[in-house]
Number of protein chains: 2
Amino acid sequence: MADDHLDVHEGAIDDLHVTVGRRLRVAGMRYSRSRYAVVEVIAGAGRPLTLSEILAVDAGRRLAQSSAYRNLAELVDVGVARRVDAGDDRSRFELHESLTGHHHHHLVCDSCGRVEDFHVPDEFEKQVAALVEVAADGGFRVDAHRFDMLGRCAECR
Amino acid sequence: MADDHLDVHEGAIDDLHVTVGRRLRVAGMRYSRSRYAVVEVIAGAGRPLTLSEILAVDAGRRLAQSSAYRNLAELVDVGVARRVDAGDDRSRFELHESLTGHHHHHLVCDSCGRVEDFHVPDEFEKQVAALVEVAADGGFRVDAHRFDMLGRCAECR
DNA sequence: ATTTATGCAAATCGTTTGCAAACCT
DNA sequence: AGGTTTGCAAACGATTTGCATAAAT
């Protein structure tokens, strides 16, 4: 259990931070207050958040925008966060799947831009696996995939 | 055959331009030289191109960058082009599916950023249709979907 | 002649970066 | 102390926009 990437699924939020701390330390970085706050926010969101949403939630803490950007980039680098990009100009961030234990996709509202998580059945992922093979035969090595459904969320009618 | 959106599949490039001209006219716009050139370029590419790639191909014509951006935006509006966004900062553009007659997805190289078209079997799309239903049950109206496989293209090893 | 499209340069806007001060260990 | 992180402001880079000129009908 000294290794990471797999020992988180059974744990609660505490374990999350332990794991995050470990991943940062392995990369020679500290688990600073700001980083902790950022992780706390994206972990509690349940959907990808934009930078401003993250700052808003974290309002009291008064984290500088540039620091938030930097923290997020670092967290992405060490595999704690993931950058999600919907069709608009700003990036959104979510907790990395290795920390949530759930592979998922997204529903993107073209009207308000909101992005919701969407879980798909294994059957679907099996098909994807088959397509990964096809791509490989064509010389393309697939490392990840992304499936989004775009439209109108319930709030936007 | 007076209507559009369906009368193109059997046609060649000439028909393409006829259809594009019609769609623009319906929107009260002219099929100018620049617009024609842009359509010609994205139609001949076979994969989504960035603005600079489009300008490069069209080098001789010396089309202003801002005009190209404007043309592309207009073409997207009238349903002639589609904006594709890979993970990086710049947008790519491709001919709208209603003009190619082929629904497809993309292979995105994380290394060079190149985006290739990728056709998936009907079976896959059937699964997607099922997921669209699921989303609908949840109050989300799906208008489109996007499926990308990310990794390394043949050239980048 | 009238309307629409283009080019150029300036303006936007999200995101990144340089650097000195603040923090940790 | 020695190295890392933060905040602030300036820098960036893709995309957009204002406006006077050119093109099309």
Side-chain angles (χ1 to χ4, degrees), chain A residues 17 20-42 48-56 58-78 80-93 113 115, chain B residues 17 20-42 48-56 58-78 80-93 113 115:
Chain A
H17 290 300
V20 171
R22 191 186 312 142
R23 291 194 189 172
L24 283 167
R25 225 169 298 119
V26 167
M29 317 174 92
R30 297 171 185 164
Y31 198 7
S32 68
R33 295 255 175 76
S34 326
R35 285 172 186 153
Y36 186 97
V38 170
V39 168
E40 193 79 8
V41 174
I42 63 177
L49 299 181
T50 60
L51 201 262
S52 47
E53 288 175 322
I54 293 174
L55 289 178
D58 191 52
R61 176 163 295 293
R62 193 156 290 311
L63 173 62
Q65 189 182 55
S66 63
S67 299
Y69 271 121
R70 243 182 313 227
N71 289 337
L72 259 345
E74 297 153 348
L75 293 171
V76 167
D77 284 347
V78 300
V80 166
R82 186 178 151 197
R83 186 184 295 256
V84 172
D85 94 335
D88 61 10
D89 44 358
R90 68 219 119 164
S91 293
R92 285 146 214 277
F93 299 88
V115 179
Chain B
H17 290 300
V20 171
R22 191 186 311 143
R23 291 192 190 174
L24 283 167
R25 225 169 299 119
V26 167
M29 317 174 92
R30 299 169 184 167
Y31 198 6
S32 67
R33 294 255 175 76
S34 326
R35 285 173 187 154
Y36 186 97
V38 170
V39 168
E40 193 79 7
V41 175
I42 63 176
L49 299 181
T50 59
L51 202 261
S52 47
E53 288 175 322
I54 293 173
L55 289 177
D58 191 52
R61 175 164 296 291
R62 193 155 291 308
L63 173 61
Q65 188 182 57
S66 63
S67 299
Y69 271 121
R70 241 180 316 225
N71 289 337
L72 260 344
E74 297 152 348
L75 292 172
V76 167
D77 283 347
V78 300
V80 167
R82 187 177 149 197
R83 185 184 295 257
V84 172
D85 93 336
D88 60 11
D89 45 356
R90 70 218 117 176
S91 294
R92 285 145 214 277
F93 299 88
V115 179

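Remember, it's a predicted structure, so these values are computed and weren't measured experimentally. Chain letters run A, B, ... following the sequence lines, proteins first, then strands; residues in each count from 1. Worth knowing before you read on, the calculation uses all heavy atoms, side chains too, and leaves out hydrogens, waters and symmetry mates.
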Checklist line | Close side-chain approach of B:Leu51 to B:Arg90, heavy-atom, < 4.5 Å | finding: no
Next item on the list: State, yes or no, whether a side-chain contact exists between B:Arg83 and B:Phe93 at a heavy-atom distance under 4.5 Å.
Entry: yes
Expressed as a whole number of angstroms, how long is the span from [X]:[atom1] to [N]:[atom2]?
{"X": "A:Met29", "N": "D:dT6", "atom1": "CE", "atom2": "C1'", "value": "13 Å"}
{"X": "B:Glu74", "N": "C:dT6", "atom1": "CD", "atom2": "P", "value": "7 Å"}
{"X": "B:Leu63", "N": "C:dA5", "atom1": "CG", "atom2": "P", "value": "14 Å"}
{"X": "B:Leu55", "N": "C:dT6", "atom1": "CG", "atom2": "P", "value": "13 Å"}
{"X": "B:Asp88", "N": "D:dC12", "atom1": "CG", "atom2": "C1'", "value": "16 Å"}

Note to self: Run A:Asp58 and A:Val38 through side-chain contact (heavy atoms from CB on, under 4.5 Å) and show every step you take.
What the structure shows: CA-CA 8 Å; A:Asp58 191 52; A:Val38 170; over 6 Å; no
Note to self: Counting primed atoms plus P, OP1 and OP2 as sugar-phosphate and everything else as base, spell out the protein contacts along nucleotides 15-25 of chain D at 4.0 Å heavy-atom distance: B, S or - for each nucleotide, 5' to 3'.
What the structure shows: BBBB----BB-
Checklist line | Side-chain donor/acceptor of A:Arg35 to backbone N/O of A:Arg30, under 3.5 Å | finding: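 Such a contact is found between A:Arg35 side chain and A:Arg30 backbone.
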Next item on the list: Would you mind classifying the nucleic acid contact of B:Arg61 as base, sugar-phosphate or nothing, using non-hydrogen atoms under 4.0 angstrom?
Entry: nothing
Notebook entry, point to check: For B:Arg25, which contact category applies under a 4.0 Å heavy-atom criterion: base, sugar-phosphate, or nothing?
Noted result: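 If one applies the 4.0 Å heavy-atom cut-off, B:Arg25 turns out to touch nothing in the nucleic acid.
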Margin query: Could you go through B:Thr50 and B:Asp88, starting from their C-alpha distance and side-chain angles, then the distance that decides it, and tell me whether this counts as side-chain contact (heavy atoms from CB on, under 4.5 Å)?
Written below: CA-CA 11 Å; B:Thr50 59; B:Asp88 60 11; 5.8 Å; no
Margin query: Walk me through whether B:Leu63 and B:Asn71 qualify under side-chain contact (heavy atoms from CB on, under 4.5 Å).
Written below: CA-CA 10 Å; B:Leu63 173 61; B:Asn71 289 337; 4.1 Å; yes
